[in-house]
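Down below is the structure, laid out as structure tokens.
As the structure is a computational prediction, the values presented were derived from the model and not from experiment. Labels below follow one simple rule: chain letters A, B, ... track the order of the sequence lines, proteins then strands, and each chain is numbered from 1.
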There are 2 protein chains.
Amino acid sequence: MADTPGGENLLFLTDEQLRKGIEAMFFAYRGFTADPDRILEGMDYGRAHHRAIHFVHRSPGTTVSNLLAILGVTKQSLNRVLRTLIEDGLVRSEKGRVDARERHLYLTEKGLVLERELSDAQRARMRAAYRAAGPSAVQGFRQVLEAMMDPEMRKQYNRLKEGG
Amino acid sequence: MADTPGGENLLFLTDEQLRKGIEAMFFAYRGFTADPDRILEGMDYGRAHHRAIHFVHRSPGTTVSNLLAILGVTKQSLNRVLRTLIEDGLVRSEKGRVDARERHLYLTEKGLVLERELSDAQRARMRAAYRAAGPSAVQGFRQVLEAMMDPEMRKQYNRLKEGG
DNA sequence: TTGGAAAGTCAACAAGGCTGACGTAAATTT
DNA sequence: AAATTTACGTCAGCCTTGTTGACTTTCCAA
């Protein structure tokens with residue numbers, strides 16, 4: 001366990017350590033999405049619907065263009081998802097009062113039920129992982145993830161963090 | 001910062017903390033894939049090709065069915081990707097000597113060049129994140145990710161870890 | 001020698017990305 | 001008042017990457 005000339009232990013920056021981190025991200029993300037995917041399969045929805053539901057729940061009354069910025073997809077792609085959710089009565093779209101061009105989005109009762117089901121499942125896995133790893137590991141986990149984001153995404157992330 | 005009756009501080013297990021972890025995973029994964037995606041766009045390849053290249057590089061001589069287990073896709077889906085990589089001379093497929101039904105996969109020189117380009121980019125981001133967060137954060141990062149994997153995926157992950 | 005595993009192929013399909021073009025209503029600028 | 005810009009929706013078409021099902025070839029092992 002030699003230190004560098006600079007005095008810092010940089011063993012965690014070897015290519016081997018970085019590769020492990022990369023593979024950990026790959027395999028963990030599979031677990032991260034597995035439970036919601038299971039719930040959604042068979043219903044007419046997919047991961048894209050889950051994401052829309054999550055962020056509408058997270059920021060009730062958000063506009064379409066705000067959602068576009070968060071999700072990082074085209075409006076055509078989002079619209080396809082949003083349309084089915086509105087048709088199926090999971091999401092309500094309200095014309096803006098101050099700016100009538102905007103549409104403000106809310107989950108309906110029915111939407112909240114599905115959101116709860118999905119997030120319960122995802123939280124259960126996250127809770128188990130957090131519990132297994134312990135509080136200080138969780139802090140490190142969040143630090144590394146935050147540092148991995150594109151600056152633009154980090155802004156979105158922090159905006160949500162503060163808002164909540 | 002009150003402790004629980006059990007004596008452990010479980011503040012990190014609140015729904016709010018879990019939600020932040022979920023959103024951190026979402027935004028960070030975007031960053032994680034962004035650089036390779038940029039490199040691959042315009043070439044005829046996508047994320048699926050990157051994954052195949054990564055794991056063939058990681059385990060030279062691996063069989064198709066082993067790769068299937070790691071990637072968790074159908075053989076038809078993998079085959080489409082693998083075929084183009086072989087046609088383009090990035091991957092070499094060798095009939096097994098002990099079991100001639102098996103195909104053993106290797107990166108060619110050309111494949112190694114692309115692998116290097118992709119993994120350099122991905123490692124650079126991971127390195128920056130690790131450096132920003134520090135060694136103990138990295139340890140926590142890996143612990144939480146590992147705990148988040150499905151048991152089957154954790155096996156694959158550890159098999160790769162040991163092998164390397 | 002026969003059953004089954006490994007690998008590959010063809011066909012068809014779906015989700016969910018993308019671009020481009022166009023339309024409408026509302027807000028803003030000129 | 002007119003022109004422009006913004007926010008949103010939609011149609012059409014394309015691509016990647018996933019899926020299932022059916023079928024063949026090869027070859028190991030009971």
Sole candidate of A:Leu40, A:Ile39, A:Val81 that passes side-chain contact (heavy atoms from CB on, under 4.5 Å) when paired with A:His50:
A:Leu40
Here the residues of residues 91-106 of chain B within 4.0 Å heavy-atom distance, strictly under, of DNA chain C are B:Arg101, B:Glu102, B:Arg103
Less than 4.0 angstrom between a side-chain N/O of A:His49 and OP1 or OP2 of C:dA15, yes or no?
no
Mark yes when over 12 heavy atoms from residues, nucleotides or ligands other than B:Glu109 sit less than 6.0 Å from its CD; otherwise mark no.
no
A:Gln122 side chain vs A:Phe32 backbone, donor-acceptor pair below 3.5 Å:
yes
B:Thr108: what forms a side chain to side chain contact (heavy atoms under 4.5 Å, CB included) with it, not counting sequence neighbours?
B:Arg92, B:Lys110
Would you find a donor on one side and an acceptor on the other, under 3.5 Å apart, between the side chain of A:Arg30 and the backbone of B:Leu71?
yes
Interface with DNA chain D, restricted to residues 73-87 of chain A and to heavy atoms under 4.0 Å
A:Lys75, A:Gln76, A:Asn79, A:Arg83
Counting only non-hydrogen atoms, which of residues 29-45 of chain A are less than 4.0 Å from DNA chain C?
none
Any residue of residues 62-72 of chain A with a heavy atom less than 4.0 Å from an atom of DNA chain C:
A:Gly72
Got a sec, which residues hit ring-ring contact (aromatic ring centres under 6.0 Å, His included) with B:Phe26, two or more places apart in sequence or on another chain?
A:Phe55
Across all chains, not counting sequence neighbours, the ring-ring contact (aromatic ring centres under 6.0 Å, His included) partners of A:Tyr157 are none
So how far is it from A:Ile70 CD1 to A:His54 NE2, rounded to the nearest 0.5 Å?
9.0 Å
State, to the nearest 10°, the angle formed by the axis through the first five base pairs of the helix from C:dT1-D:dA30 to C:dT30-D:dA1 and the axis through its last five.
20°
Without swapping roles, check the side chain of A:Arg103 against the backbone of A:Ser93 for a donor-acceptor pair under 3.5 Å.
no
Note: chain A reaches DNA chain D at heavy-atom distances under 4.0 Å over the stretch, first to last nt, 5' to 3', of D:dT6 to D:dC11
Residues A:Arg127, B:Asp15; criterion side-chain contact (heavy atoms from CB on, under 4.5 Å); working and verdict
CA-CA 9 Å; A:Arg127 187 179 296 114; B:Asp15 280 6; 3.3 Å; yes
Can you name the residues that form a side chain to side chain contact (heavy atoms under 4.5 Å, CB included) with A:Thr33, not counting sequence neighbours?
A:Tyr29, A:Asp37, A:Arg47
Return the set of residues passing ring-ring contact (aromatic ring centres under 6.0 Å, His included) with B:Tyr45 (not counting sequence neighbours), or none when no residue passes.
B:His49
Are side-chain heavy atoms of B:Leu82 and B:Leu105 found at a separation under 4.5 Å?
yes
Can you check side-chain contact (heavy atoms from CB on, under 4.5 Å) on A:Leu145 and A:Met25, steps first, answer last?
CA-CA 10 Å; A:Leu145 288 187; A:Met25 273 298 278; 4.0 Å; yes
Side-chain donor/acceptor of B:Arg123 to backbone N/O of A:Leu18, under 3.5 Å
no
Please name all residues satisfying side chain to side chain contact (heavy atoms under 4.5 Å, CB included) with A:Arg125, sequence neighbours left out, ordered by chain then number.
A:Ala34, A:Asp35, A:Arg38, B:Met148, B:Asp150
Between B:Arg19 and B:Glu23, does any side-chain N to carboxylate O distance fall below 4.0 Å?
yes
